Amino acid sequence: HKDLTGISELAPWQILYLLDEAEQWVTLNRQPTKHVDALAGLTIINAFFENSTRTLLSFEIAGKRLGADVVNMHAAQSSVKKGETLIDTATTLNAMRADAIVIRHASSGAVRLIADKVDCPVLNAGDGRHEHPTQALLDALTMRQWLRGRGLEEFNGLKVAICGDILHSRVARSNMLLLSALGAEVRVCAPPALMPAAIERMRVTPFLNFDEAIDGVDVVMMLRLQNERMSGPFIPSAREYRHLYGLTLERLARAAPHALVMHPGPMNRGVEIDSNVADMIERSAITRQVEMGVAIRMACLDVLTRRARRVDGWALS
Ligand code: CP
């Protein structure tokens with residue numbers, strides 16, 4: 001397949017390959033000169049139909065550090081606002097002969113729809129509740145580097161608790177798929193109204209009680225309440241939610257003593273995570289996740305454009 005639309009399409013070795021490829025870009029990004037010409041002459045379009053800070057900027061930085069020409073399309077300033085359909089937008093982008101298109105969209109499946117209409121590789125930057133594959137990859141890279149720092153290599157048996165709005169979260173879905181594919185023991189925790197009905201189809205253990213879910217885990221991944229995707233009557237108050245499902249210092253003490261704290265951002269401080277947990281220098285990986293995001297997106301852009309560049313090595317496309 002030419003695209004990266006979901007973790008569900010990747011075999012475990014392909015996930016590990018992308019993590020391995022990203023390592024070189026972590027190193028490059030820490031140098032004073034963070035630039036190579038690998039993608040020189042290529043054009044990348046970032047088409048974002050939904051807001052973003054981390055994903056949009058890190059894809060833009062990733063493309064530029066690899067030497068590509070990067071242009072951003074914000075839906076709010078585009079002809080989508082005049083009623084242009086998604087398919088017509090895709091056809092328009094295709095006619096511009098981009099070499100890769102990165103898409104974020106509020107509808108699950110919209111990225112696949114566009115990918116099937118364009119010739120170049122399409123990368124999913126988050127589609128509705130479906131998937132956010134580069135987020136799961138950057139989370140995995142963050143975890144793997146942390147494991148290596150502790151003299152460990154493997155995801156096998158790693159206990160990870162993903163807590164929060166599982167129902168609406170594409171980050172949760174991509175992480176569940178990736179971590180279970182690599183052999184981690186994945187627990188998910190949410191209030192009953194925010195737990196997917198079909199959770200038993202995923203290779204994870206569901207919990208409704210947060211204290212039980214984080215008992216002894218190695219990694220606690222907190223998620224934000226996605227109020228913008230809630231259509232039913234259930235929108236808990238921030239106070240209520242923090243009381244039952246917020247990661248406080250007291251709650252974190254139930255996890256393993258070495259446990260790593262993660263959050264994809266944006267955070268709602270004082271709701272799903274307290275500031276004194278999010279800002280713990282020795283335990284919180286939240287800013288490291290952002291750093292790994294640039295390296296992962298460089299790896300994905302590099303690998304997906306290899307066929308067009310006639311570069312040797314495994315290419316997704
Ligand atoms: N984690 C994430 O996708 O953040 P943005 O919405 O800011 O891109």
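Both counts, for ligands and for their atoms, begin at 1 and track the order of listing. Since we're looking at a predicted model, the values are computed, not measured.
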Minimal non-hydrogen separation, H263 against I273, with atom names: CD2-CG2, 4.1 Å

Please state which protein non-hydrogen atom is closest to atom 6 (O) of ligand 1 and give its distance, to 0.1 Å? R104 NH1, 2.9 Å

Taking a cutoff of less than 4.0 Å between a non-hydrogen atom of the residue and any ligand atom, is H132 in contact with ligand 1? yes

Quick check on contacts: which atoms of ligand 1 are under 4.0 angstrom from a heavy atom of T55? 2 (C), 3 (O), 4 (O), 5 (P), 8 (O)

Looking at M143 and F155, what are the two nearest heavy atoms and their distance? CB-CE2, 4.0 Å

Hey, are E185 and R187 close enough for a salt bridge, meaning a charged N less than 4.0 Å from a carboxylate O? yes

Does any N or O in the side chain of N94 come within less than 3.5 Å of the main-chain N or O of A90, such that one atom is a donor and the other an acceptor? no

Under 4.0 Å from a heavy atom of T53: which atoms of ligand 1 are those, numbered in the order shown and with their elements? 5 (P), 7 (O), 8 (O)

Can you find an N or O of P266 that's nearer than 3.5 Å to an N or O of ligand 1? no

To the nearest 0.5 angstrom, please state how far the SG atom of C300 sits from the CG atom of L18. 5.0 Å

Under 3.5 Å: N/O of G265 near N/O of ligand 1: yes

Other residues, nucleotides, ligands: >12 heavy atoms within 6.0 Å of D211 CG: yes

among protein heavy atoms, the one nearest atom 4 (O) of ligand 1 is R54 NE, 3.0 Å

